[in-house]
Amino acid sequence: MDTSNPLREERLRKLAEWRRRGIDPYPTRFVRSHVAQELQQSLRDLPAGSESTIRARIAGRITARRVMGGASFLDLRDGSGRIQLYATVDVLGPERYELLTQIDIGDFLGVEGLVFRTKKGELSVRVEEFTLLAKALRPLPEKWHGLQDVEIRYRQRYLDLIANDQARRIALTRSRIVSAMRRFLESEGFLEVETPILQPLYGGAAAKPFTTYHNALNMTLYLRISDELYLKRLIIGGLEKVYEIGKDFRNEGISTKHNPEFTQMECYWAYADYTDMMALTERMISQIAKEVLGSTRIRYQGHEIDLSPPWRRITFREAILEHTGIDIERFSTLSELREEIARRRLIVDPQPTWGKQVDELLKTYVEPKLIQPTFVLDYPLELSPLAKRKPTNPNLVERFEPFIGAMEFGNAFSELNDPLDQRERFLAQEAMRRAGDEETQPLDEDFLTALEYGMPPTGGLGIGIDRLTMILTDSPSIREVILFPTLRPKKGEEAS
RNA sequence: GGGCCGUUAGCUCAGUGGUAGAGCACCUGCCUUUUAAGCAGGGGGUCGCAGGUUCGAUCCCUGCACGGCCUACCA
């Protein structure tokens, strides 16, 4: 960062001036009596031109300054909202008043004084005493247009939060979503747990991992790509309803829907199956929307969406039939399927296996249409090495993915608890790996051992918190809902 | 990885083959109820970086960097 900025030089000059007067520009403490929003609410009915009986001590960042000779107005913002300050030379005396007018936009200030409402109707604090709480050395972004530069918004999110209401709103909403989700799961009897992020073997999803190294143990460790296999071990251990909210890491591309580290909620429920997980998902998401947004009707990217249960349920096979006319059951080999795709003149990227090819059909032709909440269920076996087979059709598994606004935001199944079948699935995955698929499940002997001690029938669900937040904040990009999205370091960037 | 677009003052943005402008912010002066305060004056720029074409490049060309969108990848 540049340090030769003349605006910064000017502020350094002012900083030195405060110090010259024996004032510490970075004091340790300021006791507040109120925050701005409290005053705005409790004095909502105070008429214009009249005084309250409240003497308030408030603190915050100065965001605007209007100096008019012997009287000045400052806008102060704290974590709750904003309030105006009114200072006059009559109250403060010439010396203190002059000092106050040296305050820069961006500085933190604590003030004490009577709260009143101006003739124009603006609730204000009459500054009787003030304390500089922190001198800012750099100017804030422009007041009217906010901060527009996307790169600065992501790299210096604090500036985005200062300058843009929307950024603040998203950060608050995300926190409320996670909080409401925890409350919901707790009310349903789920126990919050923590499982390892550093794992000797990764699993639970088809993804490439990040690799790291532990010096003392002299071993390679992986950052988890999913919590699944550890949470199932807890089900085996008798914790019948568990969940975890945490970061997963996938060493893959970045897009408006993908960040290399992302937040997922995973929960596991003994004696439940995927239909129970569907009902749980509907209730959870609609409950969160109600708590956080006050309604189950939302707008997402121009669409009116109704989150209230029940959500539409459609099988994987029916969904593809509906949107492409192809009944995938009638084309059970990759070459037959490709012929049918070509015959119907559909444009789909070729995939190496039948399973991936039908999945590609879903992504290309079905997913963009899934605006209203929809469960797509009963996936092909080969796409789902950890899910239980459907009793009525061993080529399918009891699995669903929920979609809203043309975006998948979760994954769930009746968990495979047959240790011998699980071993076969792992071996099939290994075979696919040898055939060149880099994103297969590695065989996890330790997990198989756990399964052999017996896991009750269990339903499992994962919800992508980032994508859910996108949906509930009408954000078009995952970078808007992650405070510090992964970016390439700027070349030549160094600490000033 | 590929395509398209962007990068000009601290911020938001104009602009031109003859080395640059506005608004906000900043500085100075005036101003005791303003709120995008006002009025007057002023300072501030390696026009992302490196090459090339040209008498001359911020502008045209090439490469690079970073970012955005699309695409690819991705449970």
Side-chain angles (χ1 to χ4, degrees), chain A residues 1-2 4-11 13-14 48-49 63-75 82-92 97 104-106 116-124 126 136-155 159 162-163 204-208 225-226 228 248 250-260 262 264 349 355-356 359-360 362-363 367 376 379-380 382-387 399-401 408-413 438-441 462 464 476-477 479 485 487-493:
Chain A
M1 278 270 160
D2 66 298
S4 59
N5 181 335
L7 299 173
R8 185 169 179 274
E9 296 299 324
E10 179 61 27
R11 286 172 180 240
R13 191 188 62 72
K14 288 181 180 173
T63 57
R65 203 165 60 114
R66 295 174 291 281
V67 179
M68 295 173 301
S72 293
F73 296 91
L74 302 169
D75 290 344
R82 69 166 282 279
I83 192 164
Q84 180 172 264
L85 309 180
Y86 177 60
T88 63
V89 66
D90 300 341
V91 171
L92 289 169
Y97 180 76
D104 281 310
I105 292 171
F116 72 107
R117 196 175 288 282
T118 65
K119 290 176 201 162
K120 294 280 176 64
E122 185 75 37
L123 194 71
S124 307
R126 177 170 299 149
L137 298 182
R138 291 173 188 269
L140 296 184
E142 203 243 10
K143 63 181 171 188
W144 192 240
H145 300 93
L147 179 63
Q148 299 296 325
D149 187 306
V150 179
E151 190 170 348
I152 299 177
R153 288 185 48 233
Y154 295 162
R155 287 191 196 281
L159 293 179
I162 291 167
K208 286 173 236 170
I225 57 173
S226 135
E228 175 156 353
D248 289 339
R250 297 185 185 176
N251 208 336
E252 291 161 356
I254 294 176
S255 78
T256 49
K257 290 176 185 171
H258 298 84
N259 197 63
F262 64 102
Q264 191 163 213
D349 286 320
K356 291 204 166 191
D359 200 32
E360 192 64 24
L362 187 84
K363 280 179 184 166
E367 185 167 322
V376 174
Y379 278 63
E382 67 171 270
L383 288 173
S384 319
L386 299 165
R399 170 184 176 188
F400 72 84
E401 291 189 334
E408 173 214 328
F409 68 98
N411 188 18
F413 20 93
E438 290 182 81
E439 287 158 355
T440 56
Q441 293 279 320
S477 166
R479 294 186 201 90
L487 296 178
R488 205 176 247 119
K490 217 171 160 66
K491 198 184 163 194
E493 182 142 292

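Order of the sequence lines sets the chain letters (A, B, ...), proteins ahead of strands, with each chain counted from 1.
For the pair A:D104/A:K14, a side-chain contact is recorded, criterion being any heavy-atom separation below 4.5 Å from C-beta on. A heavy-atom distance below 4.5 Å is not found between the side chains of A:R65 and A:D75. Residues A:R250 and A:F262 are in side-chain contact: their nearest non-hydrogen atoms beyond the backbone lie under 4.5 Å apart. With contacts defined as side-chain heavy-atom distances shorter than 4.5 Å, the pair A:E408/A:K363 does not qualify. In this structure, A:K257 and A:S477 have side chains that are not in contact, with every pair of non-hydrogen atoms separated by 4.5 Å or more. For the pair A:F413 and A:L386, the minimum side-chain heavy-atom distance is below 4.5 Å. Considering only heavy atoms from C-beta on, A:L383 comes within 4.5 Å of A:D359 through its side chain. For the pair A:I254 and A:R479, the minimum side-chain heavy-atom distance is below 4.5 Å.
A distance below 6.0 Å separates the ring centres of A:Y86 and A:F116.
Taking only side-chain nitrogens and oxygens, A:K14 comes nearer than 4.0 Å to OP1 or OP2 of B:C27. Side-chain nitrogen and oxygen atoms of A:R65 include at least one within less than 4.0 Å of the OP1 or OP2 phosphate oxygen of B:C26.
In this structure, of B:C26, B:U32, B:U33, it is B:U33 that holds the atom nearest to the side chain of A:T118. For A:E401, taking side-chain heavy atoms from C-beta onward, the closest of the listed nucleotides B:C27, B:U33, B:A75 is B:A75. Nearest nucleotide to the A:R66 side chain, out of B:C27, B:U35, B:C66: B:U35. Relative to the side chain of A:R126, the nucleotides B:G10, B:U33, B:C26 differ in distance, and B:U33 lies closest. For A:A206, the side-chain atoms get nearest to B:A75 when compared with the rest of B:U32, B:U33, B:A75. Listed nucleotides: B:C26, B:U33, B:G68. Nearest to the side chain of A:Y154: B:G68.
Summary of the strand contacts: A:I105 and A:V67 both lie near RNA chain B, and taking for each the nucleotide with the nearest heavy atom, the more 5' one is attributed to A:I105. When the nearest nucleotides of RNA chain B are assigned to A:K363 and A:E151 by heavy-atom distance, the more 5′-ward of the two goes with A:E151.
Spacing between atom CD of A:Q84 and atom P of B:U35 amounts to 10 Å, rounded to whole angstrom units. Per the geometry, CD belonging to A:E9 stands 14 Å off C1' belonging to B:C27, to the nearest Å. Between A:W144 atom CH2 and B:U35 atom P there is a gap of 12 Å when expressed in whole angstrom units. Summarising the geometry, the separation between CG on A:N5 and C1' on B:A9 is reported as 9 Å, rounded to the nearest angstrom. Atoms CZ (A:R479) and C1' (B:C66) sit 13 Å apart, rounded to a whole Å. One interatomic measurement links the two molecules: OH of A:Y86 to C1' of B:A37, which rounds to 14 Å at whole-angstrom precision. Atom CZ of A:R13 is separated from atom P of B:C27 by 8 Å (rounded to the nearest Å). Rounded to whole Å, the distance from CZ on A:R488 to P on B:C66 is 5 Å.
Annotation: B:G45 and B:A22 have their C1' atoms spaced 14 Å apart (nearest Å). Taking atom C1' in both B:U58 and B:U53, the straight-line distance is 16 Å, to the nearest Å. To the nearest whole angstrom, the two P atoms, one in B:G63 and one in B:C55, are 24 Å apart. Nucleotides B:U33 and B:G29 have their C1' atoms positioned 22 Å apart, rounded to a whole Å. Separation of the C1' atoms belonging to B:G38 and B:U32 is 14 Å when rounded to the nearest angstrom. With both ends at atom P, the span from B:C61 to B:A72 equals 29 Å, rounded to whole Å. Comparing the P positions of B:C59 and B:G3 gives a spacing of 22 Å, expressed to the nearest Å. Taking atom C1' on both B:G10 and B:G44, the two are 10 Å apart, rounded to the nearest angstrom.
Closest heavy-atom contact between A:A163 and A:L147: CB-N, 3.8 Å. Taking all atoms of both residues into account, the shortest heavy-atom contact from A:Y97 to A:T88 is CD1-C, 3.5 Å. In terms of heavy atoms, A:Y379 sits closest to A:R399 at CD1-O, 3.7 Å.
Among the heavy atoms of the strands lying under 4.0 Å from A:P385 is at least one base atom, whether or not backbone atoms are also near. Contact annotation for A:L487: backbone-only contact, meaning every heavy-atom pair under 4.0 Å involves sugar-phosphate atoms and none involves a base.
The side-chain contact (heavy atoms from CB on, under 4.5 Å) check on A:P476 picks up A:Q301, with sequence neighbours excluded. Residues forming a salt bridge (charged side-chain N to carboxylate O under 4.0 Å, His left out) with A:K143 (at least two apart in sequence, or on another chain): none.
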Polar-atom pairs under 3.5 Å, protein N or O versus N or O of nucleotides 11-14 of chain B: list them with distances, or write none.
| unit_1 | atom_1 | unit_2 | atom_2 | d |
| --- | --- | --- | --- | --- |
| B:C11 | O2' | A:E142 | N | 2.9 |
| B:U12 | OP1 | A:Q148 | N | 2.9 |
| B:U12 | OP1 | A:D149 | N | 2.7 |

Collect all protein-nucleotide pairs involving nucleotides 43-48 of chain B in which both atoms are nitrogen or oxygen and the distance is under 3.5 Å.
none

What does the list of N/O pairs under 3.5 Å between the protein and nucleotides 70-73 of chain B look like, with a distance for each?
| unit_1 | atom_1 | unit_2 | atom_2 | d |
| --- | --- | --- | --- | --- |
| B:A72 | OP1 | A:D349 | OD2 | 3.3 |

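A distance-only check finds no donor-acceptor pair linking the side chain of A:R138 to the backbone of A:G106 [under 3.5 Å]. A:Q441 places a side-chain N or O within 3.5 Å of a backbone atom of A:G204 that can act as its donor or acceptor partner. Remark: the backbone N or O of A:L74 is not paired with any side-chain donor or acceptor of A:R66 at under 3.5 angstrom.
Applying the 3.5 Å distance criterion, the base of B:U35 shares no donor-acceptor pair with the side chain of A:D75.
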Checklist line | Strand RNA chain B as a dot-bracket string - pairs counted if Watson-Crick or G-U with both distances under 3.5 Å, | where the partner lies in another strand | finding: (((((((..((((....[..)))).(((((.......))))).....(((((..]....))))))))))))....
